[in-house]
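For reference, the structure discussed in these notes is given below.
Here is the naming used below: chain letters follow the sequence lines, and residue numbers restart at 1 for every chain.
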There are 2 protein chains.
Amino acid sequence: MSRQKEVILDVLRKVRTHPTADEILLMARRRVPALALGTVYRNLKLLCDEKKVRRIPMEDAPDRYDGFTEPHDHLICLDCGKVYDVPSLQTKEALEAKLGAKVSGYEMKVYFVCPNCQREE
Amino acid sequence: MSRQKEVILDVLRKVRTHPTADEILLMARRRVPALALGTVYRNLKLLCDEKKVRRIPMEDAPDRYDGFTEPHDHLICLDCGKVYDVPSLQTKEALEAKLGAKVSGYEMKVYFVCPNCQREE
DNA sequence: AATAGAAATGATAATCATTCCTATATCATG
DNA sequence: CATGATATAGGAATGATTATCATTTCTATT
């Protein structure tokens, strides 16, 4: 595990904001000033393959990354884009029962307007 | 509703393959040969706003579009990328009950390996 | 410690879906 | 028929992500 990879993982584990690759770059550069964006993307992919990090693909914005890999789903504010963790809303087993087919996985995103943004309206 | 927009919608309603913007362009050009890709994208966005079409954002591939807007979810083959329709696997109400918050909507994709692709292994 | 080979890095260029821009065409209406 | 409003085609621009590649850093072995 290279220094860069280590720092990237550590940064992700210290934060619950589900940062983008860019944001990870900024945070990690405080410890590895010369870090390049390509290196961030490359290591994020490796870490995802190793199941140490989870990618959260965003529909109309840069993807975000999550250092916590226990199963959970995401609740996303349509206004400010903030991503909240929520307990799993599905199980593979329930899906397989409903669908009558072996399931490899699922990706679920719930959209809402967060309390902060609601107040502002 | 312009001729182009009409053809794009009609093409989408005649097909259950959830085509990409490119594929829609090819199909629609049989009836509007001069059709431009930008026009396809613009009208797809308009049709989505009018709730006549639904976008299916893909995680690692071009987005796909669905001319059927009754609520349903999607089952996606990890091998060939084919997209199948399945009945809704969630309700807003159930999600709101679980989460204790008003929900605007959700987007759920289930991954599997389709029978065709399974056979080939 | 010296070194060969492998692996990872930083910098830059390439990719590719999608959006933006602009001059032109179409259309409805007075 | 002129006018204004709207939509179009085509091409250029954008922006996130990947690929490339020369150089640097590790690692293990002598």
Original post:
Using a cut-off of less than 4.0 Å, is there contact between a side-chain N or O of A:Q4 and OP1 or OP2 of C:dG10?
Top reply: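 Result: yes.
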Original post:
Side-chain N or O of A:S2 less than 4.0 angstrom from OP1 or OP2 on D:dT25?
Top reply: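 For D:dT25, OP1/OP2 do not have a side-chain N/O of A:S2 under 4.0 Å.
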Which pair of non-hydrogen atoms, one from [X] and one from [Y], has the smallest distance, and what is that distance?
X: B:E107; Y: B:P57; value: OE2-CD, 3.6 Å
X: B:K51; Y: B:T69; value: O-CG2, 3.4 Å
X: A:V103; Y: A:E96; value: N-OE2, 2.8 Å
X: A:C77; Y: A:C114; value: SG-N, 3.3 Å

Subject >> Near-strand residues of residues 9-36 of chain B, defined as heavy-atom separation under 4.0 angstrom from DNA chain D >> reply: B:A34, B:L35, B:A36
Original post:
Which residues in residues 37-68 of chain B have at least one heavy atom lying under 4.0 Å from any atom of DNA chain C?
Top reply: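 DNA chain C contact set from residues 37-68 of chain B: B:L37, B:Y41, B:K45, B:P62, B:D63.
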Subject >> Whole angstrom value for the distance that separates C1' of C:dT26 from CE of B:M1 >> reply: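 Going from B:M1 (CE) to C:dT26 (C1'), I get 18 Å.
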Subject >> Side-chain (B:R64) to main-chain (B:H18) donor-acceptor, under 3.5 angstrom >> reply: yes
Original post:
Judged by atom type as modelled, is there a donor-acceptor pair below 3.5 Å linking the side chain of A:K109 to the main-chain atoms of B:M108?
Top reply: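 Judged by distance alone, no pair lies under 3.5 Å.
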Original post:
For A:Y65, is the NZ or CZ atom of A:R54 found under 6.0 angstrom from the centre of its six-membered ring and inside 45 degrees of the ring axis?
Top reply: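 Relative to the ring axis of A:Y65, which defines the angle, A:R54 lies outside at least one limit.
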Subject >> Test log, rule side chain to side chain donor-acceptor pair (under 3.5 Å), inputs B:D73 and B:Y106 >> reply: CA-CA 10 Å; B:D73 293 318; B:Y106 76 94; 2.9 Å; yes
